[in-house]
Amino acid sequence: MIPENISKTEIDALIEEWIIGKNAERDKAIIRRRLFSGMTYEILSLEFDLSVRQVKNIVYKCENRIFSHMKK
């Protein structure tokens, strides 16, 4: 999931900088658990009391946002 040429520290900094908005803290927690711990969408949906579809949408949007700001 995480590109090999970027460290977890760099990913975490991008998460902090670019995941913003109404549910930012929840979304940051979800994307960190997905990227760093490999949690499944199903487990995350139970943990955060969301549907699997909602979790997938959050992960997709967060990944797009942080990966679009990665140094090339």
Side-chain angles (χ1 to χ4, degrees):
M1 276 190 199
I2 298 175
E4 291 180 19
N5 63 336
I6 189 162
S7 72
K8 287 183 180 181
T9 303
E10 290 172 293
I11 293 285
D12 199 51
L14 289 169
I15 290 170
E16 273 304 310
E17 184 174 359
W18 295 105
I19 306 304
I20 56 174
K22 181 180 174 186
N23 296 307
E25 293 309 310
R26 178 202 67 193
D27 294 354
K28 288 176 188 179
I30 289 171
I31 194 65
R32 283 183 176 118
R33 291 181 64 77
R34 177 72 180 160
L35 291 177
F36 302 145
S37 301
M39 303 288 293
T40 65
Y41 296 118
E42 292 77 12
I43 297 294
L44 289 168
S45 72
L46 293 171
E47 183 177 335
F48 290 92
D49 195 29
L50 299 167
S51 71
V52 172
R53 175 177 226 121
Q54 287 172 302
V55 171
K56 285 181 179 183
N57 285 338
I58 290 166
V59 168
Y60 176 78
K61 288 176 185 176
C62 289
E63 285 180 341
N64 280 341
R65 177 163 275 187
I66 62 175
F67 292 149
S68 70
H69 291 92
M70 283 181 6
K71 293 177 184 172
K72 307 276 187 231

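Position 1 is the first residue of the sequence, and the numbers go up from there.
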Taken to the nearest 0.5 Å, the spacing of S68 OG from L14 CG works out to 9.0 Å
Between the CD1 atom in I30 and the CD atom in Q54, the distance rounded to the nearest 0.5 Å is 9.0 Å
Nearest heavy-atom contact between I19 and K28 is O-CE, 3.0 Å
- Query: Should E47 and R33 count as an ion pair when the cut-off is N to O under 4.0 Å?
  - Reply: yes
dist K56:NZ -> S45:OG (nearest 0.5 Å) comes out at 10.0 Å
To the nearest 0.5 Å, atom CG of N64 lies from atom NE2 of H69 at 11.0 Å
The reported gap from CG in D27 to CG in N57 (rounded to nearest 0.5 angstrom) is 11.0 Å
Same cluster (ILVMFWY, side-chain, under 4.5 Å), F48 and L46 | no
Next item on the list: Indicate yes or no: at least one non-hydrogen side-chain atom of R26 is less than 4.5 angstrom from one of L50.
Entry: yes
E17 with R65: basic N within carboxylate O range, under 4.0 Å
no
Item to complete: For salt bridge (charged side-chain N to carboxylate O under 4.0 Å, His left out), just list the numbers for E16 and R32, CA-CA rounded to whole Å, side-chain angles, deciding distance to a tenth of an Å, and then say yes or no.
Response: CA-CA 10 Å; E16 273 304 310; R32 283 183 176 118; 2.7 Å; yes
Verify same cluster id: I6, I31 (apolar side-chain graph, 4.5 Å): yes
Residue pair I11 / F67, side-chain heavy-atom distance below 4.5 Å:
yes
*In terms of hydrophobic clusters joined by side-chain contacts under 4.5 Å, are F36 and I58 together?*
yes
Here the gap from L44 atom CG to S37 atom OG, rounded to the nearest 0.5 Å, amounts to 9.0 Å
